[in-house]
Structures are given as structure tokens and as C-alpha cells.
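Everything on this sheet refers to the single structure shown next.
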Amino acid sequence: MLKVDLHCHSNVSDGVLPPADVAATARKAGVDAWALTDHDEVGGIAAARIAAQEQGMRFVPGVEISITWASTTVHIVGLQVDETNPVLVQGLAKTRSGRDARGREMAEQLAKVGIEGAYEGALKYVGNPDLMSRTHFARFLVDSGVCASIPEVFRKYLVEGKPGYVPHRWATLTESVEWIRAAGGVPVIAHPGRYGFNIVTEGALFDEFKQLGGSAIEVVTGSHTPDQYQTYAEQARRYGFLASRGTDFHAPGESRVDFAVLPNLPSGLKPVWHDWF
Ligand code: AMP
Ligand code: MN
Ligand code: MN
Ligand code: MN
């Protein structure tokens, strides 16, 4: 069976490794088919494609778009996108704009609780000046000794109700699906178990996504618990979605689950890659 990982980050967004090193790491862990899905950015795709070819992996060009839906930040992955498509490229550029100003506001809030220099501190971890992320602040807060781990940062800071949280309006669900489809790609709801929606709200998201032309959800992801693999396998069957699988790799040792240990899709699901490899 092919080992497929369709969700990974490089330092072109909030991962730490350059695209070629993510490819090498994935390959070393036995991955046969791989997608780079940086947040709101396709700048790493060209390098990733070459590296995947050198490593003997099948490659899927991807992206993970930040959207706001029901006042919540949701992520929509696009797979098999043409990364040169102007509709997608312009949409992503619009989505990225505002990240720097948000970073400055986050740092102002952190300064008010005694954490100085967070903007400059986070910036040292940023590989792409267009893509300052909460993850970069989290790495700074760990490395400067404020928190012991990245999950601790996201419990104490940078999330709603905590210092360093700056609400942000991302793209809309409609835009994300339109941009991905304009670029010939397949829209996938990333880690649906992470949003904390109740069953009614989640159903509304799935229905709207489907109506817009969305066709897949992530079932097995490093962002789900093993229980959630089953929950979203059932949801995929119920809504007729194709199923995707990916680690959501960001850095060696930092991810919730490593390449090697992520299980395969539960049986009875149609993989999103069923006619690709
Ligand atoms: P941003 O797009 O700047 O809001 O940052 C979102 C990123 O923060 C996600 O893509 C994750 O990489 C990271 N993140 C969010 N919540 C958590 C969490 N609870 N634990 C670890 N990383 C998280
Ligand atoms: Mn991330
Ligand atoms: Mn995500
Ligand atoms: Mn991700």
C-alpha cells in the first residue's frame, strides 16, 4: 500500500525546514506520495516538486488556506492546484496581507503582560516575511523560556481570551473553494475535529462546503485523536466526501505525530488520491 502524506509545512510558512528537507524527511520515513501544503502560500511548490522527484516520491502541489467561517478560523487545503494560477496566487496574496500588522499587535499585547520584544523575537524564526504566524511566536516563547512547550503556549497565550490573541478576518469559505477550483485543485476541509463545532454547526459547514463544490475532508491527520479518525470516517461516509490523510508536519520533534506512526485511512473510504496514483 502506498504511504501517502498530503499535509505538510515548510519554512515558506510556519514549518522550520526548507521544502527540499521536508521532502527528504518524509521520504526517509517511507512516504511514497507527498504534498506540500504551506499556509496561504505556494512559494515552496517549485522546490518541493524537484525534491520529491529526486527522492522518488509522487508529488501533489498543495496549499492550506486560512478562512473565517461562523466567526471561527477554519483551514481549507487545496490539492493538485496549479500554483501559477492567477486567481489562486492573487487570492493567497490578499489572505497573507495583514499578517505583519497582526504580529505587531500580538507583540503589543504580550508586552502588556511583561513579555518584551516578541515581534523581533518571533521574526527571527520567520522564513518568509509575508507569513508571520502564531507558530513563530510560539517558538520564540518556548526558546526564551516563557513556556516549556508549544502546546503550553497555545493554552496560555495566542488563543481567544488569552494575551497575544488578535482576532483576524481571513478569506471566506466561498473564496477558498473558488480559488482552489480555479487552479484546477480539489478543496479539502483540514482537520475538522479541531474546530470545536457541535454536530449541527459542523453539519452546516459540511453542507455549505459541498454545495460550493468541496469534495473531501481530512480523516487521518496529526491534528486528530484516534477516536476522531473514526468520527470523521463516519462523517465522510455520511456526507459522501473523499478522505484525506496527512501528518500536518511542521518540524522534527514538534509535530503531534511523526510521519512513521500515522495510521492508514480506515477501510470503506474513498481516498482523495484514488485516481492520482
Ligand atoms: P496562524 O495562521 O498565524 O493563526 O497560526 C496557526 C498555526 O498555529 C497553525 O497552523 C498551527 O501550526 C499552530 N497552532 C495553532 N493551535 C495550535 C496548538 N494548539 N498547538 C500547536 N500548534 C498550534
Ligand atoms: Mn501551521
Ligand atoms: Mn491547519
Ligand atoms: Mn497545517
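Counting convention: from 1, in listed order, for ligands and their atoms alike. Values in this document were obtained by computation on a predicted structure and should not be read as measured data.
Here the two rings, on Phe241 and Phe206, have centers that are under 6.0 Å apart. Taking the ring centroids of Tyr232 and His224, they lie under the 6.0 Å cut-off.
Neither the backbone nor the side chain of Glu254 comes within contact range of ligand 1; no heavy atom lies under 4.0 Å. At a heavy-atom distance under 4.0 Å, only side-chain atoms of Asp14, from C-beta outward, approach ligand 1. If you look at His250 next to ligand 1, the close heavy atoms, those under 4.0 Å, all belong to the side chain.
Going from atom OG1 of Thr25 over to atom CG of Leu17 covers 5.0 Å, rounded to the nearest 0.5 Å. Residue Glu175 holds its CD atom at 11.5 Å from CG of Leu212, rounded to the nearest 0.5 Å.
Summary: OD2 is the N/O/S atom of Asp14 found nearest to the Mn ion (ligand 2).
Take Trp34 and apply the ring-ring contact (aromatic ring centres under 6.0 Å, His included) test, not counting sequence neighbours, and it matches Phe59.
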Ignoring hydrogens and angles, write down the donor-acceptor pairs under 3.5 Å from the side chains of residues 110-131, residues two or more places apart or on other chains.
residue	atom	partner	partner atom	Å
Tyr119	OH	Asp100	OD1	2.5
Tyr119	OH	Arg104	NH2	3.1
Tyr125	OH	Asp143	OD2	2.7
Asn128	OD1	Asp130	N	3.0
Asn128	ND2	Val12	O	3.0
Asn128	ND2	Glu41	OE2	2.7
Asp130	OD2	Arg96	NE	3.2

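In this structure, Gln228 contributes its side chain and Thr225 its backbone to a donor-acceptor pair below 3.5 Å.
Residue contact check: Thr135 has heavy atoms under 4.0 Å from atoms 7 (C), 8 (O), 11 (C), 12 (O), 13 (C) of ligand 1.
Residue pairs that meet the salt bridge (Lys or Arg N to Asp or Glu O under 4.0 Å) test with at least one member in residues 261-277, sequence neighbours left out, do not exist here.
Under a 4.0 Å heavy-atom criterion, Arg99 is in contact with ligand 1.
Below 3.5 Å of separation, one finds an N or O of Arg134 facing an N or O of ligand 1. In terms of N/O distances under 3.5 Å, ligand 1 is not approached by His75.
Here the shortest heavy-atom distance to atom 1 (P) of ligand 1, taken over His39, Glu64, Arg102, belongs to Arg102.
Here the Mn ion (ligand 3) has protein N, O or S atoms under 2.8 Å from it, and they come to 3.
Inter-residue side-chain proximity for Val60 and Leu6 is flagged as met; some heavy-atom pair is nearer than 4.5 Å.
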(message) Pair His191, His75 - check ring pair (Phe, Tyr, Trp, His ring centres under 6.0 Å), show working.
(response) CA-CA 8 Å; His191 42 65; His75 288 166; 5.4 Å; yes
